[in-house]
Amino acid sequence: MYDLLFRNVLKRMDPEFAHHAGMLVIRASGSAPIAPIVRSFTKPDPSLAVSTLGLTFPTPFGIAAGFDKNAVGVRGLEALGFGHVEIGTVTAIPQPGNPKPRLFRLVADRGLVNRMGFNNRGAAAAARRIARLRRGGAVVGANIGKSRVVDVDNAIPDYVTSARALAPLADYLAVNVSSPNTPGLRGLQAVETLRPLLEAVRAAAGSTPLLVKIAPDLPDEEVTAIARMAVDIGLDGLIATNTTISREGLKTSAAEVEEMGAGGVSGPPVKVRSLEVLTLVRAEVPDPEFCVISVGGVETAADVRERLDAGATLVQGYTGFIYRGPLWARQINRALA
């Protein structure tokens with residue numbers, strides 16, 4: 001049914017408009033009259049529960065950052081069967097993001113190109129939204145990034161502001177230094193600049209679990225260096241990976257991709273590299289107490305199982321929602337169980 005709707009209606013709509021329209025349905029799914037009915041056939045089997053970061057996740061499968069930037073759809077996403085929702089990316093200063101159009105479908109690849117640019121209402125607004133959420137149910141993580149108007153040289157206090165606002169409320173924090181859509185951001189992944197940033201955010205976050213999210217485009221040696229550093233400074237985990245700037249191996253025509261312009265590619269085109277990075281991280285840090293969240297090219301239960309078997313503690317998806325629809329998490333959870 002959803003496949004028919006996508007091919008005949010949604011595919012013809014502007015991708016960002018379709019996302020916002022879909023979010024209205026998601027929010028309705030989490031409303032008081034409807035949520036109990038939705039949960040009655042989407043609730044994950046208890047056997048899928050995962051304990052990590054001092055928390056219990058109802059299922060290892062959650063929704064990645066970027067889908068719900070302002071924490072407006074958390075209850076609906078929980079009702080649809082996602083075990084955790086990573087909101088954001090949130091910045092200390094509210095910002096509109098990059099000019100539109102900034103989201104494009106790679107239908108032949110079941111992927112996306114986005115250059116959203118951290119469009120969000122700011123850390124203070126996100127904190128208020130999280131504070132109003134019910135306790136229990138889905139775990140809520142907060143993904144924080146650099147405000148665009150802040151110079152890279154002043155990134156540390158900017159991240160610290162977001163951490164102080166969100167750490168008392170979120171179940172975990174994720175430091176995003178890997179989006180390709182904020183100028184200079186990926187330069188923060190260099191170990192010499194990343195260490196002081198993470199140490200400062202670690203101090204600001206207090207007892208809230210802290211993870212760092214890295215790009216798939218890093219060389220292998222930098223991936224392992226960041227993993228070692230994360231352990232060294234006491235981070236609780238690592239998220240691998242963000243979107244890729246690579247355009248290699250796409251089925252979509254080169255002319256069409258060129259017309260879309262800059263941005264990060266998500267979905268199946270990043271699947272192979274995301275799995276490689278997961279393997280590198282887990283080989284460097286085999287300790288199961290160190291949480292590794294794998295994201296990138298995950299669409300089916302077999303994909304989720306492959307990541308878990310490769311050492312992932314948790315798995316996230318995003319792009320698959322566009323191509324699979326609102327029963328996506330239910331389908332994966334049932335197959336996993």
Here the gap from Ile245 atom CD1 to Ser179 atom OG, rounded to the nearest 0.5 Å, amounts to 11.0 Å
Q.
Any heavy-atom pair between the side chains of Val150 and Ile93 that's under 4.5 Å?
A. yes
Taken in chain and number order and not counting sequence neighbours, the residues that satisfy salt bridge (charged side-chain N to carboxylate O under 4.0 Å, His left out) with Arg330 are none
- Message: So does Ala65 get a backbone contact from the side chain of Asn143, meaning a donor-acceptor N/O pair under 3.5 Å?
- Response: no
- Message: Apply side chain to side chain contact (heavy atoms under 4.5 Å, CB included) to residues His19 and Phe321 and explain how you reach the verdict.
- Response: CA-CA 10 Å; His19 177 81; Phe321 200 114; over 6 Å; no
* To do: Check whether Ile226 and Phe290 end up in the same hydrophobic cluster, where Ile, Leu, Val, Met, Phe, Trp and Tyr are linked by side-chain heavy atoms less than 4.5 Å apart.
  => yes
Fill in: ILVMFWY network linking Ile239 to Val139, side-chain heavy atoms under 4.5 angstrom
yes
Strictly by modelled atom types, are Thr319 and Ser266 linked by a side-chain donor-acceptor pair under 3.5 Å? yes
Counting C-beta onward and ignoring hydrogens, is there a side-chain heavy-atom pair between Ile214 and Leu218 closer than 4.5 Å? yes
Distance col, row Thr279:OG1 vs Arg307:CZ, nearest 0.5 angstrom, shows 9.0 Å
| Any donor and acceptor pair, going by atom type alone, linking the side chain of Asp151 with main-chain N or O of Asn154 inside 3.5 Å? | no
Open item on the list: For the backbone of Val140 and the side chain of Asp171, can you confirm whether one donor and one acceptor N or O come within less than 3.5 Å of each other?
Closed with: yes
side-chain hydrogen bond (donor to acceptor under 3.5 Å, both in side chains) pairs touching residues 208-236, sequence neighbours excluded, are Arg186-Asp217, Arg195-Asp232, Arg202-Asp236, Asp217-Thr244, Asp220-Arg273
Next on the checklist: Does any part of the side chain of Leu173, heavy atoms only, come nearer than 4.5 Å to the side chain of Pro209, both counted from C-beta?
Outcome noted: no
In this structure, CG of Asp68 is separated from CZ of Arg75 (nearest 0.5 Å) by 12.0 Å
Would you please test Val257 and Phe104 for side chain to side chain contact (heavy atoms under 4.5 Å, CB included) and show each step? CA-CA 9 Å; Val257 173; Phe104 309 87; over 6 Å; no
Review point. With distance as the sole test, does Tyr318 use its side chain to make a donor-acceptor pair with the main-chain N or O of Val295 at under 3.5 Å?
Key: no
Shortest non-hydrogen pair, Gly187 vs Thr193, comes out as O-OG1, 3.3 Å
Shared ILVMFWY cluster between Leu106 and Met116, side chains joined below 4.5 angstrom? no
For Ala92, is there any backbone N or O sitting under 3.5 Å from a side-chain donor or acceptor partner on Ser162? yes
d(Thr89 OG1, Lys146 NZ) to nearest 0.5 Å is 12.5 Å
Are Arg102 and Asn114 packed together at the side-chain level, in the sense that at least one heavy-atom pair is separated by less than 4.5 angstrom? no
task: Specify whether Trp328 and Phe61 have parallel, tilted or perpendicular ring planes, treating 30° as the upper limit for parallel and 60° as the lower limit for perpendicular.
output: perpendicular
- Using the side chain to side chain contact (heavy atoms under 4.5 Å, CB included) rule, take Cys291 and Leu211 through it: C-alpha gap first, then chi angles, then the decisive distance, then the call. CA-CA 8 Å; Cys291 178; Leu211 302 89; 4.3 Å; yes
message = Please determine whether residues Val38 and Leu327 belong to a single hydrophobic cluster, defined as Ile, Leu, Val, Met, Phe, Trp and Tyr linked transitively by side-chain heavy-atom distances below 4.5 Å.
response = no
Is it true that Glu78 and His84 share a donor-acceptor pair across their side chains at a distance under 3.5 Å?
no
Between Leu194 and Leu197, is there a side-chain heavy-atom distance shorter than 4.5 Å? yes
When every non-hydrogen atom of Pro196 is compared with those of Val191, the smallest separation belongs to CD-O, 4.5 Å
Hey, are Asn176 and Asn242 close enough side-chain-wise for a donor-acceptor pair under 3.5 Å?
yes
For Val149, does its backbone N or O pair with a side-chain atom of Ser147 as donor and acceptor, under 3.5 Å? no
Per side chain to side chain contact (heavy atoms under 4.5 Å, CB included), Arg121 is matched among Val90, Val72, Thr91 by Val72
- Task: Begin with the C-alpha distance, continue with both residues' side-chain angles, and end with the deciding distance and a verdict on side chain to side chain contact (heavy atoms under 4.5 Å, CB included) for Thr59 and Phe82.
- Result: CA-CA 7 Å; Thr59 164; Phe82 291 95; over 6 Å; no
d(Leu308 CG, Leu336 CG) to nearest 0.5 Å is 7.0 Å
| query | So, does Arg27 use its side chain to make a donor-acceptor pair with the main chain of Met23 at under 3.5 Å? | reply | no
| query | Does Leu112 share a hydrophobic cluster with Phe67, counting links as ILVMFWY side-chain heavy atoms below 4.5 Å and allowing steps through other members? | reply | yes
For Ala163 and Pro168, the nearest pair of non-hydrogen atoms, with its separation, is O-CD, 4.2 Å
Strictly by modelled atom types, are Arg282 and Thr313 linked by a side-chain donor-acceptor pair under 3.5 Å? yes
Fill in: Side chain to side chain, Arg105 and Thr252, heavy atoms closer than 4.5 Å
no
By salt bridge (charged side-chain N to carboxylate O under 4.0 Å, His left out), Lys271 pairs with (sequence neighbours left out) Asp303
Nearest heavy-atom contact between Ala337 and Asp45 is CB-CB, 3.8 Å
Check your understanding: Side chains of Asn98 and Arg148: is there a donor and an acceptor less than 3.5 Å apart?
Key -> yes
Check: Does OH belonging to Tyr2 count more than 12 external heavy atoms closer than 6.0 Å?
Finding: yes
Could you tell me whether the side chain of Gln189 and the main chain of Ser178 form a donor-acceptor pair under 3.5 Å? no
Do Val292 and Val285 come close enough that some side-chain heavy atom pair is under 4.5 Å?
no
- Query: Between Met229 and Leu198, is any pair of side-chain heavy atoms under 4.5 Å apart?
  - Reply: yes
query: Is the backbone of Asn8 close enough, under 3.5 Å, to the side chain of Arg12 for a donor and an acceptor to pair up by distance?
result: yes
Task: Phe118 backbone acceptor or donor facing Gln95 side chain under 3.5 Å - done: yes
Taken to the nearest 0.5 Å, the spacing of Arg247 CZ from Asp109 CG works out to 11.0 Å
